[in-house]
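Bear in mind the structure is a predicted one, so any value in this text is a computation, not a measurement.
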Amino acid sequence: MFKNRKKYVGVVLLILLFSLMTGVSFAKGSDKKDAATKYKIPSSVMNIAKENTYPNPSQDLPQLQPSELTKELLETSEIKIENPNLILMLNETSINKPFLAIGHKATIYLGNWPLNYESKETSPNWEYQKINTNFHDNRGGNGPYKIHFVQETQKTVRGGLTAKIPNANDVKKMMLLKATEKTNLPLSFETIIGAGTKKDQYYNIPKKKLGYLDAYSPAINEKGTVTYGEVYIKLKGGKRTIEVKNVTSQGIGAWIPVQDHVSFTFSAIEVPR
């Protein structure tokens with residue numbers, strides 16, 4: 001009877017474990033599906049990378065890989081460190097272990113750094129900034145008139161942080177990395193639409209009406225929390241560690257334009273002559 005009870009308990013535990021694993025997998029799959037829906041580019045937004053007369057530079061931001069020493073140091077920190085510039089500094093650091101570690105002790109101050117950024121909310125605004133209007137008066141026409149997008153003047157669309165914050169460039173880089181990872185969109189804090197850029201997507205203006213084709217640059221609104229702290233490398237005996245002091249957190253937001261994409265709205269209005 002005792003053996004049967006052990007078998008029964010084992011079966012129950014296996015079922016519970018399988019249920020938990022399935023639940024976690026389902027939750028992850030659901031999160032990915034929700035993200036894909038939330039950041040799906042609507043049909044009114046078009047990619048103009050090939051047509052753009054101004055070649056925007058690529059904003060590829062690969063994750064910086066820490067060296068073996070940097071990995072060793074990061075694992076000793078109680079505060080998560082993700083700042084690429086700080087990781088780069090640590091990668092360029094060389095600390096040789098002394099042959100005789102007895103009595104060897106030192107503290108090296110690296111400065112006050114933004115250590116990590118935690119994303120709280122990432123929302124698209126497909127009509128972030130108006131960049132152009134194409135217009136045609138078809139009130140005297142005998143039939144429909146086709147209109148399409150032609151950028152009349154070069155337009156620079158800039159994003160940025162919503163508040164002043166220390167080490168703003170480091171914070172922007174971390175926010176850009178997180179927002180790009182979440183949305184899978186080509187994001188940049190600056191995008192330029194060159195004069196003469198065209199898109200062969202035509203809209204019909206009925207006769208006796210005015211036609212307006214408005215173009216907008218889309219952007220992502222990123223909100224979260226950045227953590228700051230004073231970073232020290234401590235050497236004691238043969239041990240090398242990172243210690244973070246005076247840790248503070250601050251809420252921050254940013255607008256990050258979607259590079260080489262334009263959102264269109266078309267309207268035809270009847271106005272008496």
Under the side-chain hydrogen bond (donor to acceptor under 3.5 Å, both in side chains) test, which residues partner Q129, sequence neighbours left out? none
Tell me, which pairs form a ring pair (Phe, Tyr, Trp, His ring centres under 6.0 Å) where one or both residues lie in residues 222-248, sequence neighbours left out? Y109-Y232
Looking only at the side chains, is there a donor atom on one of T133 and D214 sitting less than 3.5 Å from an acceptor on the other? yes
What are the two closest non-hydrogen atoms of G229 and V244, and how far apart are they? CA-CG1, 3.8 Å
Full working for side-chain contact (heavy atoms from CB on, under 4.5 Å) between T248 and T227: CA-CA 6 Å; T248 59; T227 300; over 6 Å; no
Within 45° of the axis and under 6.0 Å from the centre of the six-membered ring of Y39, does NZ or CZ of K182 qualify? no
Is there a path from V247 to L110 through hydrophobic residues (I, L, V, M, F, W, Y) whose side chains come within less than 4.5 Å of each other? yes
Would you indicate whether the side-chain heavy atoms of V231 and L115 approach each other to under 4.5 Å? yes
Over 12 non-hydrogen atoms of neighbours within 6.0 angstrom of CD in Q250: yes
Does some side-chain heavy atom of K209 sit less than 4.5 Å from a side-chain heavy atom of R139? no
When you compare the side chain of K38 with that of S123, does any pair of heavy atoms fall below 4.5 Å? yes
Is there a path of hydrophobic side-chain contacts, each under 4.5 Å between heavy atoms of I/L/V/M/F/W/Y residues, joining M175 to L88? no
Find out if a path of hydrophobic residues (ILVMFWY) with successive side-chain heavy-atom gaps under 4.5 Å connects I48 to Y202. no
Could you walk me through whether E121 and S119 pass the side-chain hydrogen bond (donor to acceptor under 3.5 Å, both in side chains) test, one step at a time? CA-CA 6 Å; E121 183 182 347; S119 178; over 6 Å; no
Are any non-hydrogen side-chain atoms of K199 and V262 less than 4.5 angstrom apart? no
Step through it carefully: locate the ring centre of F264, locate the ring centre of F149, and say whether they are under 6.0 Å apart. yes
Would you find a donor on one side and an acceptor on the other, under 3.5 Å apart, between the side chain of K208 and the backbone of G143? no
All heavy atoms of L185 vs all of T180, minimum pair found to be O-CG2, 3.8 Å
Give a yes or no on whether the backbone of V150 and the side-chain of N134 come within a donor-acceptor separation of less than 3.5 Å. yes
N116 vs I79 side-chain heavy atoms within contact, under 4.5 Å: yes
Can T191 and S188 be counted as having a side-chain donor-acceptor contact under 3.5 angstrom? no
Is there a path of hydrophobic side-chain contacts, each under 4.5 Å between heavy atoms of I/L/V/M/F/W/Y residues, joining Y212 to I131? no
When the ring planes of H136 and Y145 are compared, do they come out parallel, tilted or perpendicular, using 30° and 60° as the limits? parallel
Measuring from atom CD of E51 to atom NZ of K198, what distance do you get when rounded to the nearest 0.5 angstrom? 11.5 Å
Salt bridge or not between E270 and K207? Use side-chain N to carboxylate O under 4.0 Å. no
Testing the 3.5 Å rule here: is there a donor-acceptor pair between the side chains of N221 and N125? no
Using a 4.5 Å cut-off on heavy atoms from C-beta on, say whether the side chain of M89 contacts that of W113. yes
Tabulate below the donor-acceptor pairs under 3.5 Å that side-chain atoms of residues 153-166 make, not counting sequence neighbours, or state none.
residue, atom, partner, partner atom, Å
R158, NE, E190, OE1, 3.0
T162, OG1, G253, N, 3.3
T162, OG1, G253, O, 3.1

Centroid separation under 6.0 Å, is that true for the rings of Y128 and W255? yes
Main-chain N/O of T241 paired to E72 side chain as donor or acceptor, under 3.5 Å: no
If I compare all heavy atoms of Q201 with all of M46, which pair ends up nearest, and what's the gap? CG-CE, 3.2 Å
Value for CD1 (I242) from CG (L86), rounded to nearest 0.5 Å, stands at 6.5 Å
Can you name the side-chain hydrogen bond (donor to acceptor under 3.5 Å, both in side chains) partners of Q151, sequence neighbours left out? none
Looking at G211 and I147, what are the two nearest heavy atoms and their distance? O-CD1, 4.4 Å
Where N138 and P206 come nearest, the two heavy atoms and their spacing: ND2-O, 3.2 Å
Pairwise distance CG(L69) to CG(L90) - rounded to 0.5 angstrom: 7.5 Å
Hey, what do you get for CG (N169) to CE (M174), rounding to the nearest 0.5 Å? 11.0 Å
Are any of the side-chain nitrogens in E243 or K234 under 4.0 Å away from the carboxylate oxygens of its partner? yes
Are Y54 and F189 joined in one hydrophobic group, where the rule is that I, L, V, M, F, W and Y side chains link up if heavy atoms are under 4.5 Å apart? no
Can you tell me how far NE2 of H261 sits from CD1 of I193, rounded to the nearest 0.5 angstrom? 11.5 Å
I'd like to know whether NZ of K178 has more than 12 heavy-atom contacts from other residues, nucleotides or ligands below 6.0 angstrom. yes
Steps toward side-chain contact (heavy atoms from CB on, under 4.5 Å) verdict (L187, I220): CA-CA 8 Å; L187 304 181; I220 292 294; 3.8 Å; yes
Using modelled atom types and a 3.5 Å cut-off, is there a donor and acceptor pairing between side-chain atoms of S77 and backbone atoms of L74? no
Report yes if the side chains of T225 and I252 come closer than 4.5 Å at any heavy-atom pair, otherwise no. no
Looking at every heavy atom in both T265 and Y216, which two are closest together, and how far apart are they? OG1-CE1, 3.6 Å
Hits for side-chain hydrogen bond (donor to acceptor under 3.5 Å, both in side chains) against N52, two or more places apart or cross-chain, chain-then-number order -> T197, D260
Could you list the residues that satisfy side-chain hydrogen bond (donor to acceptor under 3.5 Å, both in side chains) with E127, not counting sequence neighbours? none
Audit row: N91, T70, side-chain hydrogen bond (donor to acceptor under 3.5 Å, both in side chains) steps and yes/no: CA-CA 6 Å; N91 279 353; T70 302; 2.7 Å; yes
Mind checking the CG-CG spacing from N167 to N85? Nearest 0.5 Å is all I need. 9.0 Å
Within the 4.5 Å heavy-atom criterion, are Y203 and I205 side-chain neighbours or not? no
